Structures are given as structure tokens and as C-alpha cells.
Novice: 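One structure follows; several queries about it will come next.
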Amino acid sequence: MLEVGKRVELIEQLLAIGTALSSSQDLGELLNLILTKSREITYSDAGSLYLIDQKDCIPKLVFKVAQNDSLSQATFKEFAMPITQNSLAGYVALTGKNLNLPDAYHLPKNVPYQIDKTFDESFGYRTRSVLVLPMQDQNGEIIGVIQLINRKIKRDTVITSENAITVTQPYSNWEERIVKSLASQAAISIERNQLQESIQNLFEGFVKASVHLIELRDPTTFGHSERVAELTVRLSEEVTSITKGKFKSIYFNESQIQEIRYAALLHDFGKVCVPERILQKRKKLYPEQLEVLRHRFALAQRTLELECAETKFNQLLNSPFHRHESNNNQLSCTHCEELAKIDTELQLKITKLNHYWKLLLETNEPEAIATKRFQELSEEALIELTELSEYKYRDIDGQLKPLVSLEEMEQLLIPRGNLTPEERKAIQAHVTHTYKFLEQIPWTKNLQQVPLIAAGHHETLDGSGYPHGLAIGEIPLQTQILTIADIYDALTASDRPYKRKLPVETTLQILKQEANKGKLNIGLVELFHQRQVFQVLGHTL
């Protein structure tokens, strides 16, 4: 009955170990758990665990975990070694055979392996009984090796080089079978953990590739998504750390932080659906439009010059030639005076044309209509722009045409920024595209809100945002955090062709102004400032 009781207890232990192994998510934690439980069942004083690394062309045996009850102060570092039959672990990894050694110092003759006594000599230890087993996955492939050392007679005994012979005993066949079974179960758990890690790495790679794709389409925003993610994660962590006040009941666990991070990284992915010419538009006119206008202005000037030459030719052809004596007794030509007058008129026209070109270039700059110069001279500027819109030139077909078309003039008169209303709608549609794209991904349960969090980063608490004009109660707190991070980085990012970067102080003022208007969460903005979340980007006040 006593023997049956022990076996029932052992089975219960194995079931508990299996449950623990299946619930462990961290590889390091899992490996330590495997070794600890193996040692507990067998009363082993020490042990180590190796994994086979197949990443390189030549597989290696990686020393991952070591434990020793008698030398708890000893430290162990991970290292890799070639897989050969010279070492105990290497022999088992290559052959798949068990090694159950009663005394590692007295090995059978003609075996290829031997024990490394360096550790024993350094710490005054004595390795005696050793059990080395392969860890095989479901396909029978060896993925690692578990090594147990010094099976103790009494669990709490401290082993030294002097007492090792008397306080230890060989591993029994029964224990060998039990640990073999546990090793197989552990191998499955390790394989599952590695598969999960591979899936995580695969998804991380997908997210990074997606962000890279966005930046390829608009190089001037390079690094924006990563910076926004860093700011968003840090602000989320600061919210979680609050123990009093309005955020005291808010807590984001590790999975939720990861969910927020993915949403931040992918918040602009919908821009892949925005036409590239709009996405990369830097001024009010597209480069090709400006080039057409440049040729048009050049043609207009050349036409003026040809008309001038034609007028002078007709003047000479149709008017009689007269000479008369001027007051200073020098001969003067009436034609010369007329021709000089025609030349002067031409020069005035060319000067005016050049002035219009300069005005056009100035007006083509984003924010040009709202700049100080245009505010101070708004009436004069409006008159000049009106004149420019009405200016006509004679094209090569002889027809009079507007120097600046109606469409081009509408673009030049954009009061803020560089986008027409239609272009702005196309840009704003990126949030809808983001949601539709992210919604197609079969997210795991702990990441299901990624599409919702990401797609709301242009909504504002007063309902004036887009695309849905959501109000405060409809916008998740995670999205409110993301919005602040997005605005901060957009304002402080390095100079772009269509805007200048702002200092941290100015940006914080703008965030507070928007919060006071009811557009941003004022508590989050204050926390962002007080905890200096921006320091995660290396920014300082």
C-alpha cells in the first residue's frame, strides 16, 4: 500500500507539472521549471539543460539553465558549444541514447565521452551520479538535453567533495523512465513555446514591414510610426502607474500594452491606399504643374518679345523716315524714339510678368495666404492675384488663354496647408482604409481592439474629428492616448517640405490649447507634460 501511495503521489506530481508546463509562456521560465521539477522528483542536487540551436549551418548545443542546491551562490552564463561525443550532453544529443552513470569519475573504458571536472575543481564540488536524457519532440527530433546530477539520499543534504560518495546514490531505472517521460512532455512544451515565439516574431516582422511600406511611400515621415508607438506605450504605462485621481482605476496589463503598441505602429497603414502624388505633395501645386507654368510664362515672355519685334518692324515699314536737328545740334531719328518707347513698354510687361512669377512662387508655399506678408498686404495681394488670374497670353495656336488656369488658381488660393478639399478628403480617408485593412487580420483575443484603437486617432472629444465625428464616450482611452502621441510627433518631427518643426514647449502649449477647447483629454495632456513622456524620444524642455 505504501508503494501504491507513492506512485499515486508521483502521478499527481506529474499531472501538476504538466499543467504548469502548459501554462508557462516565457521560455526562460519554462526551462527553469522543467529542470526544477525534474530535480524535485529525483532528489537531484544539481542539473543543467541544453537546447540545440539549428539557426546556423552547423548546429550547436546551447547551455541554457543550471541549478545547484549545494552551491546556490554559483552563477552560470549561457554559452554555445559544438555538438560532439566528447561531452556527456553532446553524446546524448548526437545519439539519442540515455546515460545513467553511477559515478561520473569512473566511466567504462572505451567510451567517447568524459566529464569536465573544471566546475568541481573551481567550487570544491564532487559530481557523482549523473542522468543525461534527450528531449525529443512529437516527431522524434532531439531539441535538447536534460542532465541531472547527484541523486541525494536525503533531500536537504548539502553536497561537498568530501561527502559526495556517502550522501548520493545512482539513479534507478524507474526514475530514468519517469524523467524520460517528463523530458518528452517538456520537449513538447518547449516546442510550443518556440512556435509561439516564432509566430510572435513573424507578426513583429509583418508589422515592421508594414511600417516600412508606409515610409517608402512618404519618406519625409520616416520613423513617425515608431516614435508614436514609443510615446503611446510610455503614456499608457504612466496612466497605469497612477494610484489616485481620475486614472487610478485604469490599469493596462502587458497584453493590453502590446495591443496599444501594435495599434500605434499601424495607425497610418491606410496611407498605402492614398494616391502617392497626394501623399508626397509638398506645395500647393504639383511639381509637374509648376513646370508647365514655368514653360507657359517663358512662352508668354517670348510671345511679348515677338510681338514687340513685329510692332517695330511695322513701325519701320509703314512710317516715313525723318531726320531733324535737335537742340544740341545732333541729328535725331523719330523712328528711334518710337522704337525706344516700344522697347520700354516691352520691358515693363516683362517686369510685370516676372513679378507675377515671383508672386506665384510665394503663393505656392503652404500657409502663404496666412503669412504675415499676405496679412499685412492682403488687399494688395488680392488685387495682384486677381490680375494674375485675369492675365492672358497668346498661345502657339494664336489663341488668347489664361496664363494661370482656374484649377491652378484655386490651388494657389488654398488658405492653409497645401491640399485642396478633395485632396484633404483623400488623405483623411486613410483612417477608414486603416480600419478596413486591420479588420481583415484574425487577431488573437488579447489583440482584438487593435483596429478600433488605430482607426480613431483623428477623432476628437468634442465630436469635430473624423471620420465618424465620435464624441468623448465613444472614443477608447487607448485611442485618446494615441491621438496625443500622434499630434506631438507630427508637430515636433524634423523639418518637412511643407512645415517647420516646433519646439517642445510650443508643442505642449498647442496640446493644452486643444485640450482646453475640449478636443483632447486634458488629464492625459497634463500627465504627458508632468511625466515628460516626450523624453522617450530624447526630447527635453
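Worth knowing before you read on, the calculation uses all heavy atoms, side chains too, and leaves out hydrogens, waters and symmetry mates. Here the structure is a predicted model, which means the values were calculated and not measured.
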Novice: Any non-hydrogen side-chain atom of His457 less than 4.5 Å from a side-chain atom of Val228?
Specialist: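 No; the side chains remain at least 4.5 Å from each other.
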Novice: Return the orientation label for the His430 and His458 ring planes: parallel under 30°, perpendicular over 60°, tilted otherwise.
Specialist: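 Taking His458 first and then His430, their aromatic rings stand perpendicular (interplane angle over 60°).
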Novice: Can a salt bridge be assigned to the pair Glu439 and Lys436 using a cut-off of 4.0 Å between side-chain N and carboxylate O?
Specialist: no
Novice: With side-chain contact (heavy atoms from CB on, under 4.5 Å) as the test, pick out the partner of Thr232 among Leu265, Val533, Ile481.
Specialist: Ile481
Novice: Would you call Glu230 and Arg227 a salt bridge, taking side-chain N to carboxylate O under 4.0 Å as the test?
Specialist: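 No, no charged N to carboxylate O under 4.0 Å.
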Novice: Taking only Lys NZ, Arg NE, NH1 and NH2, and the carboxylate oxygens of Asp or Glu, determine whether Asp53 and Lys60 approach each other closer than 4.0 Å.
Specialist: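 Salt bridge flag = no for Lys60 with Asp53.
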Novice: Quick one: do Glu422 and Lys425 make a salt bridge, cutoff under 4.0 Å?
Specialist: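 Salt bridge flag = no for Lys425 with Glu422.
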Novice: With a 6.0 Å cut-off on the ring centroids, do Phe297 and Tyr356 count as close?
Specialist: no
Novice: Within the 4.5 Å heavy-atom criterion, are Lys392 and Leu403 side-chain neighbours or not?
Specialist: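 With C-beta onward as the side chain, the pair stays apart.
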Novice: Pairing donors with acceptors under 3.5 angstrom, does anything connect the side chains of Gln530 and Glu526?
Specialist: no
Novice: When you check the side-chain N and O atoms of Thr36 and Gln67, is any donor under 3.5 Å from an acceptor?
Specialist: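 Yes, because at least one side-chain N or O of Thr36 sits under 3.5 Å from a partner of the opposite role on Gln67.
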Novice: Would you call Arg296-Glu408 a salt bridge at under 4.0 Å N-O?
Specialist: yes
Novice: Looking just at side-chain N and O atoms, do Glu259 and Gln256 make a donor-acceptor pair shorter than 3.5 Å?
Specialist: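 Looking only at side-chain atoms, Gln256 and Glu259 do not form any donor-acceptor pair under 3.5 Å.
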Novice: Check Glu423, Lys284, Gln289 against Gln411 for a side-chain hydrogen bond (donor to acceptor under 3.5 Å, both in side chains) and give me the one that passes.
Specialist: Gln289
Novice: Let me see the working for Glu204 and Lys208 under side chain to side chain contact (heavy atoms under 4.5 Å, CB included), right down to the final yes or no.
Specialist: CA-CA 6 Å; Glu204 281 284 337; Lys208 290 179 180 178; 4.1 Å; yes
Novice: Are Glu384 and His355 linked by a side-chain donor-acceptor pair shorter than 3.5 Å?
Specialist: yes
Novice: Would you say Tyr488 and His539 are linked by a side-chain donor-acceptor pair, where the criterion is simply a distance under 3.5 Å?
Specialist: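 Per modelled atom types, His539 and Tyr488 side chains form a pair under 3.5 Å.
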Novice: Is there a donor in the side chain of Glu291 and an acceptor in the side chain of His295, or the other way round, less than 3.5 Å apart?
Specialist: yes
Novice: Would Lys64 count as a cation-pi partner of Tyr50, with NZ or CZ less than 6.0 Å from the six-membered ring centre and within 45° of the ring normal?
Specialist: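 Not satisfied by the 6.0 Å and 45° rule.
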Novice: Do Arg277's NZ or CZ and the ring of Tyr286 fall within the cation-pi criteria of under 6.0 Å and 45°?
Specialist: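 That pair qualifies as a cation-pi contact.
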